[in-house]
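The structure appears right after this line, and notes come after that.
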Amino acid sequence: EMDCVTGVQTCALPISFPKADVDVTKYQLTKSNGRVLDPSQTLAKASIIPKEDLFVISKSSSVHRKPVPSEDDKKNADNLKQKGNAEMAKKSYKKAIQYYSDAIKLLPENAILFSNRSQANLNLKNYQAALDDSNKAIKLDSTFAKAYLRAGKAAMGVGDANSAKSFFVRGLRVTDSKNDKLSKTMSKEFRKLIDECQMAIENQSTAQEREKAVVAEFQKSIEQIKDLFSRGKLKETAQQCEQILKLIPEIGRASCRERV
């Protein structure tokens, strides 16, 4: 045949390609728009997909599929959650945690269960465990306002006012986007907690500045004592020692905070 554009004669010959022995279940099939295809999609089927739907094949150690809970699992998990709630009402927080944990084994993608267990841990002052659970709940449902509330309180419990404020701000965005009565009530609580966090952050900053000033004063006094003693001024040295002893408690507190 003659190529009408280049004028070069070409020959159309049938071309055969070697058969690829590929186990597609070991690959993740991703369309050009980013959507992951079902692993059952075969290479043969791929050859007839329109151009705009072409996909690339990327090696994956395994294709993870979220297990679909059975109706029995849902029912049993709900019963366990209700038992946990009942224990919470009785302030039996350790028992509540056990019920919520058993329910989570059945429904590991349920944000409410993690959030409920977070509250139980908060009540026991297990702040890190509460923070871990509330973070998990947020990951599962980014619109779950209670999870942000509990995450913020847990962060305050571990002494991280900055992270706590961030959680409360994010929770406020969720509740402000809704018009129901509960959301409006929670918005007020979030605003109050944000103010408290800001105050804590400012107080912490002031305390840190004070500690730096005390340490600087202590170091200066040490140098003065050395100088007075080297010049034989023992009375002045003793007076300076008495002054520096007054700083030792604050120096100790500053040192402890730095270690923490």
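The heavy-atom pair separating Ala137 from Ala147 by the smallest distance is CB-CB, 3.8 Å. Taking all atoms of both residues into account, the shortest heavy-atom contact from Leu124 to Lys94 is CD1-CG, 3.8 Å. Of all non-hydrogen atoms in Lys178 and Thr143, the two that sit nearest each other are NZ-O, 3.7 Å. Closest approach of Ala77 and Ala103 over heavy atoms only: O-CB, 3.7 Å. Smallest separation of non-hydrogen atoms from Leu172 and Phe190: N-CD1, 3.7 Å.
Between Cys197 and Phe168, the closest side-chain pair of non-hydrogen atoms falls below 4.5 Å. Leu193 places none of its side-chain heavy atoms less than 4.5 Å from the side chain of Met156. In this structure the side chain of Ser142 reaches within 4.5 angstrom of the side chain of Tyr148, judged on heavy atoms. Here the side chains of Asn110 and Leu140 are not in contact, with every heavy-atom distance at 4.5 Å or above. Side-chain contact between Asp227 and Lys233 is absent, with no heavy-atom pair separated by less than 4.5 Å. Inter-residue side-chain proximity for Asp176 and Arg173 is flagged as unmet; no heavy-atom pair is nearer than 4.5 Å. Within the 4.5 Å cutoff, the side chain of Arg150 has no heavy atoms near those of the Asn135 side chain.
The list of salt bridge (Lys or Arg N to Asp or Glu O under 4.0 Å) pairs with a residue in residues 117-144, not counting sequence neighbours, reads Arg117-Asp133. Identified under the side-chain hydrogen bond (donor to acceptor under 3.5 Å, both in side chains) test for residues 158-169, with sequence neighbours left out: Asp160-Ser163, Lys165-Gln198.
Contacts of Lys105 classified as salt bridge (Lys or Arg N to Asp or Glu O under 4.0 Å), with partners at least two apart in sequence or in another chain: Asp102. Listed by chain and number, the residues in a salt bridge (Lys or Arg N to Asp or Glu O under 4.0 Å) with Lys90 are Glu87 (sequence neighbours excluded). For Glu236, the salt bridge (Lys or Arg N to Asp or Glu O under 4.0 Å) test picks out no residue, with sequence neighbours left out.
Cluster partners of Phe144 are Ile112, counting Ile, Leu, Val, Met, Phe, Trp and Tyr whose side-chain heavy atoms approach within less than 4.5 Å, directly or via other members.
Here Lys153 pairs with Glu189 in a salt bridge; the nearest charged N to carboxylate O distance falls below 4.0 Å.
One side chain, Ser187 or Thr175, offers a donor N or O that lies under 3.5 Å from an acceptor on the other. Using modelled atom types, one finds a donor on one side chain and an acceptor on the other under 3.5 Å when comparing Asn85 with Tyr100. Counting only N and O atoms by type, the side chains of Asp180 and Ser183 include a donor and acceptor under 3.5 Å apart.
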